[in-house]
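Working notes, beginning with the structure itself.
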Amino acid sequence: MKKKTYGGQTSGDKSKEYSPSLIENKWQRKWKSSKLFKTKEDTKKDKYYILDMFPYPSGEGLHVGHPKGYIATDIVSRYRRMSGYSVLHPMGFDAFGLPAENYAIQMKTNPAIAVSQNVKRFKKQLEILGFDYDWSREVNTTDPKYYKWTQWIFLQLLNKGLAYESYEPINWCPSCKTGLANEDVDDGRCERCGTPVEKKPMRQWVLKITDYAGRLLEDLDVKNNDDKPLLDWPESIKEAQRNWIGRSEGAEIKFQISNFKGQKLEKNIKVFTTRPDTIFGVTYLVLAPEHRLVKELLPLVENKKEVEEYVGRAKNETEIERTDAKKEKTGVEMKGIKVINPANREEIPVWIADYVLADYGTGAVMAVPSHDERDWDFAKKFDLPIKQVIAPYFTDNPGSKDAVRDNKKTVKRKTAYALVFDKKNDKFLCLNWEKFGWHSGIIGGVDDGESFKDAALREIKEETGYKNLNLIKKLGGEQHNHFFATHKDENRYAIGHGMLFELVNDEKELVLEEHSLNHKPVWIDMDKMEDWLNLSAFKYMWKAYKSNSDCFTGYGRLLNSEKFDGTESKDVMKEITDFVGGQWVTKYKLRDWVFSRQRYWGEPIPVIHCTNCFAKENKTNAIILHGCPSNVERAMDPKRQTYDKHWIPWTKKQLEIAGIETLVPLMPEPWHMSYEKWKIEFDKLPITENSILIGHSCGSAFLVRWLGETKKKVRMLVLVAPWKINSNNDEFRNKFYTYTIDNEIKDKIKNIFIFTSDDEEDNGKKSVNIFRESLNAKVIELKKHGHYIYGDMKTEEFPELINLISSFSSKVVPVPEKDLPIKLPKVKSYEPTGTGESPLANIDKWVNVKCPKCKGKAKRETNTMPQWAGSSWYYLRYEDPKNKKAFVDTKKDKYWSPVDLYVGGAEHATRHLIYARFWHKFLYDIGIVSTIEPFIKLQNVGLIIGEDGRKMSKRFGNVVNPDEIVEIYGADTLRIYEMFMGPFDQQIAWNTNSMVGSRRFIEKVWRLNNNLKTNRGSTVAGATNGDLAKPTKAFSRPEEGDPYLILIDKTLHKAIKKVTEDIQGLKFNTALSTLMIAVNEMESSGSVTREQFEILLKLLAPFAPYVTEELWSGLGNKKSIHISEWPEYDPSLIVDNEVKIIVQVNGKVRGSFDADPDINEEEMKKKALNLPEVKKWIDGNQIKKVIVVKSKLVSLVV
RNA sequence: GCCCGGGUGGCGAAAUUGGUAUACGCGCAAGACUUAAAAUUUUGUAGCCGUAAGGCUGUGUGGGUUCGAUUCCCACCCCGGGCACCA
């Protein structure tokens, strides 16, 4: 097939043609062999560290959108180098994590192999585009030499208590089969695959990023000495981080539980509120369904079943279902439980509702329906009392005509506000106060002893005559209006109530003249009301009427709040907090960073779990109580006594390997030996507070009963397939229930687990549920095991038990630093297990290690780090990539840090850019980096989308490959086109057709060179336009007074200024348009000196490195243009010696004239008035005013 | 709902201490060169009225401030992004 090429220009002389492929290949090789772009740490020069967000080498290679940011940094980097800086411009690859792993699974290869292939391909693609990366500093997050230090940083975090194991429920993606951080969840779905996430309780490593929440937030706005912000970042990214960190201040207040069936309880419910000023309006409390107290108070609740049902339902809902704000509120009261409002000692009920989030604040809220919309909705639905404690306070801004006047007295008055509706005509009866400009409903003062309603009715009659009305409802509650009443000449403080009336009939009385002096009654259409009303009081009522809600969420004046009545609510928040014994606290939405993934392709977390160390320190032993065999035949089988296929001997062995002494006492079936007899034997066993009890089948039942009766405490109870207790033996079963509930086994043991299978039949599920609820046990469902879990399950199918036990019975021993890196083992099969265990757990050789502390047998941590680990510090490694002793030498860090310009996509706002800042601050705190922030200036690159306006993706078939574009147009054209498309940070659609413009531009430059060469030594420049052709000596300094050459000089020097400023401001599109203008001018002038042409080449060099280098060397320059000096402009050359003055008449441009920039104003005026086109417009008119702006314009008003 | 951006020709866009709106590029139209095409090149290109000179309108919509507004103020509409039952 014939290669596609751009037609381009042709001429008779082939050697004169612009042929990008020849040029570009040549210079790629030359730059490489001369090591032109090797970083030089010249301490005499200023440094400039410029960084790209390193790519994730996917299998698909680069599309034209990817290099956009790299082109930009390349331009800046080349510009800085030419300007005399030591430049660090490195590149590397981020390749751990799900995308690479999934790709490898799909390609049936190992991720390590896939990644190295992809990296090769990426590098090749990048090379073509001519970037000046110093590849000797390349980093790759999957290289053990690199991730050694990622692991090292983890150890430092662990050391400082910032990495910890947690067992709280976390987000779990059932499709990716791994736990996720909060940041990896988007709208309740896995960010990678879109599957709705589930909440799953599991052991996981968590980084305490919340310890840094305050600093991560505050440092976004920290100022330098010059009062400019330290972080020159796009406001949108800062704002996204602020939102994500989500700081709010408020009060933590305790509500005491008052009674249960007459008993006093010594318990509190702590709530968090940002509005302690509303506390007198609390009419109930709400707990999240997962709140600890829900379980604790359950035995005391009257409607236990109802509560249990509700909590169960809430648990089973997905995040998407639960957090749907549009859905109607649900909830259930905990009947019999009351708490006391510490503000007014009122007793109020406690509800459970899923609109309260368990993991924010305290998981409990005080509900103030009158002043919180969510509480309002809830109270309306469940008919709970609503008590107003804040009145909106309306007052006009000082200076306006109705504003309170300091020199007048204020009179307090009760005021009735009425809206009167005539449903026959859909109109409202209103008052038009013409003299005052007020538009209102009916207003009137309330007389002594009169109700608001009566006052309103009286006023309606007096002012409008209508007398037959029905009160429909009150609107908006009490409101306060403070204003100057012109008609009374005094300040009024009106305590008002709004009411809605309906007209019964048209019967009316005569309106006395004294009542109609200031206002006239008018009927206003319903749909005009909103615009018509212009008094705050009525606007407020109208809003309440339209929204059908009296809920007011603003600040205002307190009422029903005892001694705080009348105060401004915003001002007394802290005072009220103190009054109720609360604490002023700061809360963040940011959650700790879930840092473990149950996947293969990540950095192994460098810790070892040693059960031996733990057992030694805690004298742990395990007692396994097996159950009965599944049928009589097996029971009769003599082999069964050995349980050779059963999981028990395997478990025993594994536990002993782990250093846990293990006992398997005799466990006869319940129908063979009585519980009492067995208990006597069992009590003799060395059971301590550190013992682990494992029961299988009916063994579970014995253990539970024994725990119910004994006074002993144990550390852990594991029940495997405990449903045998649901046997036909009713007596036994009943006995069991009694123990579990009455003896509160759950208070003795924190860690109770049940293993069951997900497809067990109903009665099995039933007994598991009984355990779950009565013992507060965590249930682990083993998928696909079916009933085999119960009997002769093969040992290798059941590693979960050992893992669970060791996770609760092992000591975390950090891997000694000298043993780093912990390399990922090479394996054939690395698919995720889905069990909550990493596939690494199955690689015995790798997992089983010597404990570095006790030298006993121990196990490695098998979870790996998330994709975001390696990228959280890579920019530091570039500073010193080969260092074996430290991840970066302190001196080198001091020289290069911080990153001066960081360019990348905005999608990293709340993940990479927060994580990296967190790690950086931590590393600063432990004294190994020198700056508090890693990236001083951040620039977002706008996406290039497909020509069809959709995201470039294989799926849409709209991907444009840069290699093909380079082949047709050349790399320089691609670079210029991408920079010329539009503002750098803006998303723009690709358009291959538009590329010719960029190519033509380069060719013009090329031709300019050809013309110069042709005319070397001659006196005539090769201009294409005969008119402009001008005799000159090419490549010589302009002769004194040569107007053409001076003109080009002026243009060029202005271009130097503009291009320099634009590169600094990353405004590449306008820099290029400036260069285009210059080139156009040079072309049409025809007389260009060598010096001028060289300036142009230098200015263009960062944008089009190949063609400028070619032309530069063609001029005989020996050193590369890219290490030549950046031109400086001559200030005298950028001043215009003639300016155009604009003349306006009545604001419209009517003419212009050229003048000296120093022309004085009188002169300007005179000249302007003499212009014929201006005269035409002022003839016969009086000139009223003349405005003269120096060296700009004259504006005449006639 | 709250918070950030943004809205300008046929298209990508330029211009903001308030001073000629549409630079630069694409596209389009007509001309030159050519047997022809491509390439190159010249001219034109916001809309409306007009042969023209010229005039009117015009930077999302409606108001306002001003001699003058794409730029400042108020209200609204639309698009993009972030957060969201966060108490």
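Convention: sequence-line order gives letters A, B, ...; per-chain numbering from 1.
Judged by distance alone, the side chains of A:Thr210 and A:Tyr588 never bring a donor and an acceptor atom under 3.5 Å apart. For the residue pair A:Tyr18 / A:Thr973, no side-chain donor-acceptor distance below 3.5 Å is found, with atom types taken as modelled. Checking A:Asn243 against A:Lys589 by side-chain atom types alone, no donor-acceptor pair falls below 3.5 Å.
Among the protein residues, A:Gln1144 comes within range of the nucleic acid bases, having at least one heavy atom under 4.0 Å from a base atom. A:Lys1185 comes within 4.0 angstrom of the backbone, heavy atoms only, and of no base. The residue A:Thr1074 sits apart from the nucleic acid: no heavy atom pair falls under 4.0 Å. Among the protein residues, A:Asn1069 comes within range of the sugar-phosphate backbone only, with heavy atoms under 4.0 Å from sugar or phosphate atoms but none that close to a base. Contacts of A:Pro983 with the nucleic acid, taken as non-hydrogen atoms under 4.0 Å apart, involve only primed sugar atoms and P, OP1 or OP2. In this structure, A:Arg247 reaches neither bases nor backbone, as no heavy-atom distance under 4.0 Å exists between it and the strands shown. Across all strands shown, A:Trp1177 has heavy atoms under 4.0 Å from sugar-phosphate atoms exclusively, and none from any base. Looking at heavy-atom distances under 4.0 Å, A:Ile988 makes contact with sugar-phosphate atoms alone, never a base. Residue A:Val1149 is in sugar-phosphate contact alone, with no base atom involved, counting any heavy-atom pair closer than 4.0 Å across all strands shown. Within 4.0 Å (heavy atoms only), A:Leu357 reaches at least one base atom of the nucleic acid. Nucleic acid contact for A:Lys1140: base, since at least one base atom lies under 4.0 Å from a heavy atom of the residue.
The side chain of A:Ala240 lies closest to B:G82, out of B:G82, B:A87, B:U40. Closest to the side chain of A:Lys1192, from the set B:G55, B:C26, B:G19, is B:G19. Closest to the side chain of A:Thr274, out of B:A87, B:C83, B:U20, is B:A87. Among the nucleotides B:C67, B:C24, B:C83, the one closest to any side-chain atom of A:Val1197 is B:C67. With distances taken from any side-chain atom of A:Phe272 to the nucleotides B:G19, B:G12, B:A87, the minimum falls on B:A87. Closest to the side chain of A:Lys1004, from the set B:A84, B:G25, B:C4, is B:G25. Out of B:C24, B:C67, B:G25, the shortest distance to the side chain of A:Ser1073 is found at B:C24. The side chain of A:Val365 lies closest to B:A87, out of B:C56, B:A87, B:A84. Listed nucleotides B:U57, B:C85, B:A87 differ in distance to A:Val356; the shortest reach to its side chain belongs to B:A87. Distances from the side chain of A:Arg1000 to the nucleotides B:C67, B:U40, B:A13 place B:U40 closest.
Taking 4.0 angstrom as the limit, A:Arg242 places none of its side-chain polar atoms (N or O) nearer than this to OP1 or OP2 of B:C83. Look at A:Lys238 and you won't find any side-chain N or O under 4.0 angstrom from OP1 or OP2 of B:G81. For B:G55, one of the phosphate oxygens OP1 or OP2 lies less than 4.0 angstrom from a side-chain nitrogen or oxygen of A:Arg1150. The side chain of A:Tyr355 places no N or O atom within less than 4.0 Å of a non-bridging phosphate oxygen (OP1 or OP2) of B:A87. Between B:G25 and A:Asn1080, a contact under 4.0 Å exists linking OP1 or OP2 to a side-chain N or O. Under 4.0 angstrom from either OP1 or OP2 of B:A39 there lies no side-chain N or O belonging to A:Arg1007.
Taking the six-membered ring for Trp and thresholds of 30 and 60 degrees, A:His439 and A:Trp532 have nearly parallel ring planes, at less than 30 degrees apart. The aromatic rings of A:Tyr915 and A:Trp593 lie parallel to each other, their planes meeting at an angle below 30°, with 60° marking the opposite boundary.
Atoms CD1 (A:Ile237) and C1' (B:C83) sit 14 Å apart, rounded to a whole Å. If you measure from atom CD of A:Glu239 to atom P of B:G82, you get 13 Å, rounded to the nearest angstrom.
Nucleotides B:G63 and B:A69 have their P atoms positioned 14 Å apart, rounded to a whole Å. The separation of B:A38 from B:U57, taken at their C1' atoms, amounts to 42 Å, rounded to a whole angstrom. Straight-line distance between the P atoms of B:G54 and B:U45: roughly 14 Å, to the nearest whole Å. One P atom belongs to B:A23, the other to B:A46, and the distance between them is 8 Å to the nearest Å. Here, B:C73 and B:U66 have their C1' atoms 12 Å apart, quoted to the whole Å. B:G62 and B:G50: their C1' atoms are spaced 32 Å apart (whole Å). Comparing B:C49 with B:G68, their C1' atoms are spaced 26 Å from each other, to the whole Å.
Note: A:Trp376 and A:Phe552 fail the aromatic proximity criterion, with ring centroids not under 6.0 Å apart. Aromatic ring centres of A:Tyr284 and A:Phe382 lie farther apart than the 6.0 Å criterion allows.
In the interface, the side chain of A:Lys329 is paired with the base of B:C85 through a donor and an acceptor atom under 3.5 Å apart. Within 3.5 Å, no donor on the side chain of A:Ser236 pairs with an acceptor on the base of B:C4, nor the reverse.
For A:Asp187 (side chain) and A:Arg189 (main-chain N/O), no donor-acceptor pair under 3.5 Å exists by modelled atom type.
Across all strands shown, B:U40 pairs with B:A32; the Watson-Crick or G-U wobble distances both stay below 3.5 Å. With a cut-off of 3.5 Å on both Watson-Crick or G-U wobble distances, the partner of B:C11 is given as B:G25. The partner of B:A52 is absent, by the rule that a Watson-Crick or G-U pair needs both atom distances under 3.5 Å. The nucleotide B:G5 finds its pairing partner in B:C79, both defining distances of the Watson-Crick or G-U wobble pair being shorter than 3.5 Å.
Under the 90° criterion around 0 for the glycosidic angle, B:G44 counts as anti.
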